[in-house]
4 protein chains.
Amino acid sequence: MPRMAGSKRERPPTQRRNREAEVVEAAIDVFWRKGYSAATIQDVADHVGVLKGSLYHYISSKEDLLFTIFDESHRQAQEIAASVRAADGPAIEQLRTYFERYVRWYLDNVERVSLYLNEWRFLTGERYDTVVEQRRVNERFVRGLVEAAQAEGDVYPDVDAKYACFYILGAVNGIPTWYRRRGRQSPAQIARAYADMVVGTLRGTEPRSAPRRRAPAGTV
Amino acid sequence: MPRMAGSKRERPPTQRRNREAEVVEAAIDVFWRKGYSAATIQDVADHVGVLKGSLYHYISSKEDLLFTIFDESHRQAQEIAASVRAADGPAIEQLRTYFERYVRWYLDNVERVSLYLNEWRFLTGERYDTVVEQRRVNERFVRGLVEAAQAEGDVYPDVDAKYACFYILGAVNGIPTWYRRRGRQSPAQIARAYADMVVGTLRGTEPRSAPRRRAPAGTV
Amino acid sequence: MPRMAGSKRERPPTQRRNREAEVVEAAIDVFWRKGYSAATIQDVADHVGVLKGSLYHYISSKEDLLFTIFDESHRQAQEIAASVRAADGPAIEQLRTYFERYVRWYLDNVERVSLYLNEWRFLTGERYDTVVEQRRVNERFVRGLVEAAQAEGDVYPDVDAKYACFYILGAVNGIPTWYRRRGRQSPAQIARAYADMVVGTLRGTEPRSAPRRRAPAGTV
Amino acid sequence: MPRMAGSKRERPPTQRRNREAEVVEAAIDVFWRKGYSAATIQDVADHVGVLKGSLYHYISSKEDLLFTIFDESHRQAQEIAASVRAADGPAIEQLRTYFERYVRWYLDNVERVSLYLNEWRFLTGERYDTVVEQRRVNERFVRGLVEAAQAEGDVYPDVDAKYACFYILGAVNGIPTWYRRRGRQSPAQIARAYADMVVGTLRGTEPRSAPRRRAPAGTV
DNA sequence: CATGAATGAGCTTTCATTCAT
DNA sequence: AATGAATGAAAGCTCATTCAT
């Protein structure tokens with residue numbers, strides 16, 4: 001319906017609708033920059049441009065806001081896992097695919113995902129339990145693939161799958177420490193590089209005592 | 001019991017002294033468990049068993065306490081780097097040595113080192129700058145070794161040394177997420193496994209276009 | 001369904017109207033259960049099933065709502081007094097009648113009357129004065145009857161009419177503390193019992209020095 | 001130990017010591033005048049003359065403060081009941097004694113006791129349960145005495161002991177509505193008058209249908 | 001009429017820090 | 001050294017009320 005001239009005012013384009021999303025977005029930004037504990041509701045309100053009391057139209061508590069942020073992240077993380085589970089091929093290649101998608105997603109949503117991975121311990125009660133369980137599910141998924149890759153001979157049998165998982169997940173988890181948007185390499189390139197390093201870690205790690213039989217003689 | 005002139009009271013021999021160290025130790029524990037921001041000076045005082053006002057005999061501020069914790073960590077990190085720099089041999093083996101020592105040290109001081117690696121952003125002003133610089137020095141050290149290893153042919157030339165460093169450091173950084181003292185494997189075993197994975201990552205990561213057969217030695 | 005000019009929409013026949021009464025009813029319930037101060041406009045709105053903003057179509061302020069509740073109570077209290085004033089017979093019997101009706105009314109409207117008797121101090125300004133005056137009128141009415149009964153010889157002359165009134169009114173006022181609708185005894189029975197106790201208090205209270213023998217019947 | 005001239009300052013007589021008691025006293029005053037819900041911690045702090053934050057040295061929450069007030073009241077109420085239980089003599093006289101002491105105590109501590117009797121519902125959880133139970137114990141004590149008096153023939157058998165108790169307790173409960181310290185009559189006199197009215201209520205309440213057969217001339 | 005967003009003031013509580021004793 | 005009281009600022013949250021739509 002066209003608005004006639006003379007109608008009160010052309011409503012400012014962004015201001016209306018989706019204040020809720022705006023609030024979440026602001027919270028992501030603030031929590032990410034200051035850390036959840038150090039960040040204040042006031043900070044978030046300032047970011048949105050309303051009084052802090054007004055925020056409580058959209059949230060029921062600061063912790064609730066954090067949980068909301070996690071919720072979306074978890075859902076997306078699940079989707080990625082599901083998309084990989086649907087594929088077939090050797091486990092090691094599934095891992096490559098998984099991590100390429102996962103890192104890509106991470107890079108595209110660093111702030112939000114980083115919160116999900118690093119600030120979950122500030123939840124309490126049931127919400128804490130929920131998130132801890134969610135994380136465990138994801139870890140088990142990766143662990144399963146690594147063990148499969150080991151069974152398929154792509155990882156030395158002496159490598160401890162558990163530590164390998166921790167190592168890999170830690171490496172990926174560390175992304176927000178250094179990643180800055182508008183860096184020289186595109187998210188796609190970085191995702192590819194990381195996925196390759198994951199595969200490299202798994203394929204390339206030889207038990208120390210093992211003769212250097214992998215690399216053909218003469219070397220090193 | 002008569003009071004001797006000049007000495008308020010006979011103090012229990014061992015308990016006295018080193019209150020300062022006690023305070024730092026308590027802070028490490030508390031900050032580690034709750035996070036620096038969420039932890040309170042009250043928590044620390046409770047841990048030491050004094051009133052919070054009394055803490056200010058030993059510290060000058062909460063942030064100061066955090067900085068003190070960092071200080072020791074930095075010094076030790078430097079020592080490890082120095083000890084490796086002193087050695088010679090191929091860079092890749094220096095990296096193995098470095099990370100074995102580094103992880104071992106990390107595991108033996110998880111709480112403190114973890115704070116050093118994760119809560120540095122809560123410092124302000126000059127202290128912030130100091131710590132950021134310290135961290136950079138360490139990163140550069142690792143980066144140097146990786147690049148050397150690449151020059152020596154132990155890392156594919158197409159691998160991006162920068163990302164490889166980030167990846168490795170992230171993996172190691174992730175240790176506190178899962179490490180629990182009194183786990184099944186000894187710190188020494190874990191350190192060895194991690195060092196091997198570091199080497200594995202570097203040696204094993206092939207650029208994707210490369211044929212799946214590993215390049216026969218000497219090619220590079 | 002076509003919209004007729006002049007009538008926004010066909011409203012469901014019974015549900016409409018009396019929203020105002022609904023609001024007052026809800027407020028009575030909420031204020032009674034939580035206390036005026038602790039109750040919130042939100043609580044009332046929830047009870048009515050509208051948003052709190054919408055309540056302001058029917059009320060002009062929270063205090064206004066309280067005053068409205070008082071208004072009806074006061075009017076009914078007056079009616080009861082008037083109906084008794086119209087009767088004649090000995091004062092003590094008028095008191096019996098009055099309290100039987102009063103208690104009956106109280107029981108039938110516990111929540112509302114209880115608010116009237118106990119939350120009046122939260123009014124401010126003129127409204128406060130109004131209600132205080134109303135209450136005083138009622139007290140004077142009872143006081144008058146008690147003094148008359150004393151003049152007529154149904155109350156020992158040494159009994160202090162003022163305290164007797166306070167005592168009686170307090171007793172009646174206490175009803176909401178224990179009364180639960182659907183108790184074993186009917187409101188009528190309770191009202192009767194209370195009225196009898198009022199009379200009992202007045203007739204039965206002997207000055208302590210008085211000999212234990214009761215004044216012989218008929219003397220009055 | 002005598003203080004020498006020249007010592008920093010003669011400490012202001014009241015200011016020191018017992019801040020805790022001062023806080024409770026202030027809270028009693030404020031809660032009593034405004035009602036617990038409407039009263040603010042700020043009010044209490046103003047009364048004590050400190051910043052509101054400072055109050056939390058002495059209390060752990062507003063509700064805790066209320067509970068503290070109740071605690072002393074409950075203890076004293078128990079003592080009174082105990083002192084009466086220790087006596088013997090006819091139940092009706094025990095009731096007289098009990099209420100004389102109880103009312104006396106009430107008058108001497110109107111604000112505090114009134115809070116105990118009227119604001120208990122603002123407690124929550126365990127504390128609520130505790131106080132409800134305490135109150136029940138007291139009611140049972142009075143109820144026991146009334147029933148004993150009835151068994152001993154001092155109360156008409158048709159009188160419902162339950163309602164008689166509610167009535168009496170309500171009457172006494174009503175004291176704070178009108179009592180002002182420095183009234184014309186002394187607390188002792190009022191207590192006596194009230195105790196007599198309690199006895200009067202019990203002895204004087206005849207079932208309505210009953211012939212005036214009580215008090216055959218000269219008897220009892 | 002009703003909505004729902006927003007306000008602004010104020011609430012309870014927390015906390016790093018200071019300081020006289 | 002240690003205490004314990006106090007501060008002052010700020011935190012998270014609530015709530016009566018307003019108002020454009």
Side-chain angles (χ1 to χ4, degrees), chain A residues 7-9 11 15-17 19-20 23 37-45 48-65, chain B residues 8-9 11 16-17 19-20 37-45 48-65, chain C residues 8-9 11 16 19-20 37-45 48-65, chain D residues 7-9 11 15-17 19-20 37-45 48-65:
Chain A
S7 74
K8 295 268 169 69
R9 34 182 164 135
R11 58 168 72 110
Q15 191 170 349
R16 203 184 138 84
R17 248 279 60 81
R19 260 289 208 251
E20 188 159 351
V23 168
S37 279
T40 73
I41 284 293
Q42 183 69 259
D43 292 331
V44 178
V48 178
V50 295
L51 292 181
K52 68 178 164 181
S54 308
L55 277 193
Y56 286 82
H57 264 285
Y58 305 99
I59 66 172
S60 63
S61 72
K62 190 188 175 190
E63 192 184 314
D64 175 68
L65 192 44
Chain B
K8 295 260 174 72
R9 7 167 189 153
R11 303 155 174 135
R16 73 153 216 161
R17 276 256 356 278
R19 263 292 213 239
E20 187 159 349
S37 282
T40 72
I41 284 291
Q42 183 68 261
D43 292 331
V44 177
V48 178
V50 298
L51 295 184
K52 69 178 164 180
S54 310
L55 277 194
Y56 284 81
H57 279 283
Y58 307 100
I59 67 172
S60 64
S61 73
K62 191 186 173 192
E63 193 185 314
D64 175 67
L65 194 43
Chain C
K8 298 260 173 70
R9 16 169 181 150
R11 300 149 173 144
R16 75 152 214 159
R19 263 291 215 242
E20 187 159 351
S37 282
T40 71
I41 284 292
Q42 182 69 260
D43 292 330
V44 178
V48 178
V50 297
L51 295 183
K52 70 177 164 182
S54 310
L55 276 193
Y56 285 80
H57 281 284
Y58 306 101
I59 67 172
S60 64
S61 74
K62 190 186 175 191
E63 193 185 314
D64 176 68
L65 194 44
Chain D
S7 73
K8 297 268 170 68
R9 31 180 165 139
R11 59 168 70 111
Q15 192 172 349
R16 201 183 138 85
R17 250 279 58 81
R19 261 290 208 249
E20 187 158 353
S37 279
T40 71
I41 284 292
Q42 182 69 262
D43 292 330
V44 178
V48 178
V50 296
L51 294 182
K52 67 182 165 178
S54 309
L55 277 193
Y56 286 80
H57 263 285
Y58 305 100
I59 67 173
S60 62
S61 72
K62 190 187 174 191
E63 192 184 313
D64 175 68
L65 191 45

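Residue numbering restarts at 1 for every chain, and letters A, B, ... go by the order of the sequence lines.
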- Task: Hunt down the Watson-Crick or G-U wobble partner of E:dT7, both distances under 3.5 Å, from any strand shown, or write none.
- Result: F:dA16

- Let me know the distance between CD1 of B:Ile41 and C1' of E:dT17, rounded to the nearest Å. 9 Å

- Message: Between P on E:dG10 and CG on A:Leu51, what's the gap in Å once rounded to a whole number?
- Response: 14 Å

- Per A:Lys52 side chain, nearest of listed nucleotides E:dG10, F:dT7, F:dA10: E:dG10

- Note on the structure: Partner of E:dT12 under the Watson-Crick or G-U wobble criteria, both distances under 3.5 Å, comes out as F:dA11

- Here the gap from A:Tyr58 atom OH to A:Asp64 atom CG, rounded to the nearest 0.5 Å, amounts to 14.5 Å

- Check if the side chain of B:His57 and the base of F:dA1 share a donor-acceptor pair of N or O atoms closer than 3.5 Å. no

- Task: Decide yes or no for D:Arg19 and D:Val50: does some side-chain heavy atom of the first lie under 4.5 Å from some side-chain heavy atom of the second?
- Result: yes

- Task: Could you tell me the separation between the CD atom of D:Glu20 and the P atom of F:dA6, rounded to a whole number of Å?
- Result: 12 Å

- Short side-chain N/O contact from A:Tyr58 to OP1 or OP2 of E:dA6, under 4.0 Å: yes

- Query: Hey, which of these two, C:Ser60 or D:Gly49, hits DNA chain F nearer its 5' end, going by closest nucleotide?
  - Reply: D:Gly49

- Query: Can you check the B:Ile59 CD1 to E:dA16 P distance for me, whole Å?
  - Reply: 9 Å

- Item | 5'-most by nearest nucleotide on DNA chain E - A:Gly53 or B:Thr40 | A:Gly53

- Base, sugar-phosphate, or nothing: which does A:Ala39 touch, judged by heavy atoms less than 4.0 Å apart? sugar-phosphate

- Phosphate-side-chain proximity, A:Tyr56 and F:dC15, N/O vs OP1/OP2 below 4.0 Å: no

Identify all side-chain donor-acceptor contacts of residues 38-45 of chain D below 3.5 Å with residues at least two apart in sequence or on another chain.
| residue | atom | partner | partner atom | Å |
| --- | --- | --- | --- | --- |
| D:Thr40 | OG1 | D:Gln42 | N | 3.3 |
| D:Thr40 | OG1 | D:Asp43 | N | 3.0 |
| D:Thr40 | OG1 | D:Asp43 | OD2 | 3.2 |
| D:Asp43 | OD2 | D:Lys34 | NZ | 3.3 |
| D:Asp43 | OD2 | D:Thr40 | N | 3.0 |

- Counter-base of E:dT21, judged by Watson-Crick or G-U geometry with both distances under 3.5 Å: F:dA2

- Message: Just N and O in the side chain of D:Ser54: are any of them under 4.0 Å from OP1 or OP2 of F:dA5?
- Response: no

- Message: In this structure, how many angstroms lie between the P atom of F:dT17 and the NZ atom of C:Lys62, rounded?
- Response: 8 Å

- On a heavy-atom basis, the closest approach of A:Leu65 and A:Val23 is CD1-CG1, 4.2 Å

- Provide, to the nearest angstrom, the distance between the CD atom belonging to A:Gln42 and the P atom belonging to F:dG12. 9 Å

- Earlier contact from the 5' end, DNA chain E, for D:Glu63 and C:Leu55: C:Leu55

- Message: If you compare every side-chain N and O of D:Arg19 against the phosphate oxygens of F:dG4 (OP1, OP2), does one of them come in below 4.0 Å?
- Response: no

- Task: Tell me what B:Ala38 touches on the nucleic acid: a base, only sugar-phosphate, or nothing, going by heavy atoms under 4.0 Å.
- Result: nothing

